[in-house]
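These notes are about the structure you will find just below.
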Amino acid sequence: MSAKRTKYLFTTGGVVSSIGKGLASASIGALLEARGLRVTFVKLDPYINVDPGTMSPYQHGEVYVTDDGAETDLDLGHYERFTVARLTRANNLTTGKIYQSVISKERRGEYLGATVQVIPHITDEIKSRLVEATEGVDVAIVEIGGTVGDIESLPFLEAVRQLKLELGVGNALSIHVTLVPWIGAAGELKTKPTQHSVKELREIGIQPDVLICRTEKPLSRSIKEKISLFSNVPAELVISAPDVDCIYALPETLHEQGIDELLCDRLNIWSRLPDLGPWKHIVERFLRPTQGTVRIAVVGKYVHLKDSYKSLHESLVHGAIDNDVRIDFQYVDSEALERDDAAKTLGDVDAILVPGGFGERGTEGKIAAIRYAREKGVPFFGICLGMQLAVVEFARHVAGIANANSAEFDPSAPAVIDLMPEQRNLRDKGATMRLGAYPCTLAPDTLAAQAYGSTEISERHRHRYEVNNDFRDQLVAKGLVLSGTSPDKRLVEMIELRNHPYFVGCQFHPELKSRPMAAHPLFTRFVRAALERARARTRSAVETSPVAHA
Ligand code: GLN
């Protein structure tokens, strides 16, 4: 018997970008998984960068890192958060990657004298990589980045068109995500942009099988029928995806309209009814937590663009769900903290998180926030650059190493954070950082070991600089606890402080592995520390209030 064949769902987007294709794809994956199916995902990105690692967060948002060290699109984060699929570098293809490999094959003479062209050579490369990345699962969800009509995405769409034909009826479906805007002046939902977008898709030979319509208000039956008439998609496959307060409500919203059953039906897949109990529980906890609210400050450079801290934000939400609290997020611009008094900005927060980052701008503001957290006993969590700056702050103000800094920012200062020898002579910027999963050993009797409930862990990295071993003894003598190191002890992976309610830093990115139903322990513990502080503050406010004393 031949191996089981993978079935495909191809997701495209129309009308506007950032329409939520990634979340829609991830939610469909979650529903199929809840029906007992094995799913995987591929994201096709039309830009010419080989990967998003060299792009600014302002251009691209977060760079999501996989276990095997690929720097990928943030949609892979959605896929991993919504399902148990574990993705690798094979699950994110870019135009740059495809051309790079076609051009190297051409240089090696592998095309045997042929003129190398978009069709068939580029499209064949896309198809073969897609098939390779999706072997062995029941359903592969392939999302094409950008918007239908972009010049850049044409080769990907053409490859999808060919593959759909080759796979045959019942083996592949096309899902088109569009916008149905509400025009207040007319008091109406407008279907014209969707009609045009479907027309454009059909012009390149792809008839959508399902439409997911992003809207402010649910689509009525008559609107669905109108869209159906113009788009040639049956009305029951015109699905509304209204804005949701909680992204984890999306699987249920789609399920209520029967999407998973309809997809399975058209893909000829027999599967059980899904149990959405765990998703409902998450949404209920998110919307109606019983333990109150904690205020958490995230002090960073990219706070104006929420996409740069996507996984981080979600991980805090997971930690909040786990503790049954709501987070009042305060995104604080670290540059502003260089001018303002930390006590004024951070005086009423229950915890402070300093995330990862690159470049000097705003670093002194982050250091001011860390100093405030350390001195005032405010729960602190430093991730990657956040941990490095916590070491700098400790070196300057506790260990007495004047002007201590990271070599990334001041090459002439005492570099408590520095490049490892293997990073010194690198000239390429792309994919040359310490990337992906590395093991870490935790010291027993530390907050870290307690949180993980284990002393052997593995976490994902994305950085060039490390704690400088020349300063280790000096820092440790002054009380810095090196709670995690590489198994050979050469690299510092985690730090913490005693005599502080909660002060933890890690060189890796735990936010890349947190899930709504399995919050990362470092986030759970951090939010719990914030909750304890919030409770203590309420108690002391009650005790000191005139009413309480009366
Ligand atoms: N810029 C620092 C480094 O390269 C930290 C990186 C990060 O926070 N991801 O080491």
Side-chain angles (χ1 to χ4, degrees), residues 51-67 69-72 74 77 298-303 305 307-313 315 334-335 352-367 369-370 380-393 395 404-411 413 415-438 440 459-469 471 484-486 490-495 504-514 522:
D51 63 42
T54 52
M55 277 188 241
S56 141
Y58 294 112
Q59 288 282 315
H60 185 270
E62 167 186 271
V63 172
Y64 190 78
V65 180
T66 53
D67 270 340
E71 298 178 279
T72 72
L74 55 78
V298 176
V299 180
K301 187 165 74 167
Y302 316 112
V303 288
L305 192 77
D307 266 3
S308 343
Y309 299 123
K310 193 112 232 155
S311 295
L312 182 89
H313 187 96
S315 303
S334 51
E335 270 191 289
I352 296 172
L353 191 151
V354 178
F358 294 83
E360 195 191 358
R361 193 158 55 80
T363 48
E364 290 301 323
K366 292 179 194 171
I367 291 172
I370 296 166
F380 167 77
F381 189 9
I383 296 178
C384 208
L385 180 63
M387 179 195 104
Q388 296 176 352
L389 294 178
V391 173
V392 169
E393 194 281 322
N405 212 330
S406 162
E408 183 179 2
F409 312 127
D410 183 355
V416 290
I417 306 294
D418 203 355
L419 288 177
M420 294 304 274
E422 52 268 38
Q423 283 284 341
R424 290 227 164 93
N425 300 317
L426 289 172
R427 296 184 61 198
D428 277 3
K429 286 272 184 259
T432 54
M433 284 188 258
R434 176 143 87 105
L435 288 167
Y438 284 85
C440 165
E459 293 282 3
R460 299 181 191 168
H461 292 248
R462 181 172 188 254
H463 57 100
R464 276 182 215 290
Y465 293 81
E466 310 277 351
V467 173
N468 184 346
N469 291 332
F471 289 93
T485 60
S486 54
R490 220 177 126 235
L491 302 169
V492 174
E493 300 280 32
M494 289 193 76
I495 59 149
V504 171
C506 54
Q507 186 58 80
F508 46 77
H509 289 276
E511 72 274 24
L512 302 174
K513 285 181 39 174
S514 187
L522 292 179

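Just so you know, ligand 1 is whichever comes first in the structure, and atom 1 is the first atom listed for that ligand. No hydrogens, no waters, no symmetry mates; every other heavy atom, side chains included, goes into these values. Counting begins at 1 with the first residue of the sequence.
Under a 3.5 Å cut-off, the side chain of Lys301 and the backbone N or O of Phe358 do form a donor-acceptor pair.
In this structure, Glu62 has no salt bridge (charged side-chain N to carboxylate O under 4.0 Å, His left out) partners at least two apart in sequence or on a different chain.
Taking 4.5 Å as the limit, every side-chain heavy atom of Thr485 sits out of range of all side-chain heavy atoms of Leu491. Between Glu466 and Arg434 the shortest side-chain heavy-atom distance falls below 4.5 Å.
In this structure, Glu511 does not pair ionically with Arg462, as no charged nitrogen and carboxylate oxygen lie closer than 4.0 Å.
Phe508 and His461 have perpendicular rings, their planes meeting at more than 60° on a 0 to 90° scale where under 30° would count as parallel.
Within 4.0 Å of ligand 1, protein heavy atoms come from Gly356, Gly357, Phe358, Cys384, Leu385, Gln388, Glu408, Arg462, His463, Arg464, Tyr465, His509.
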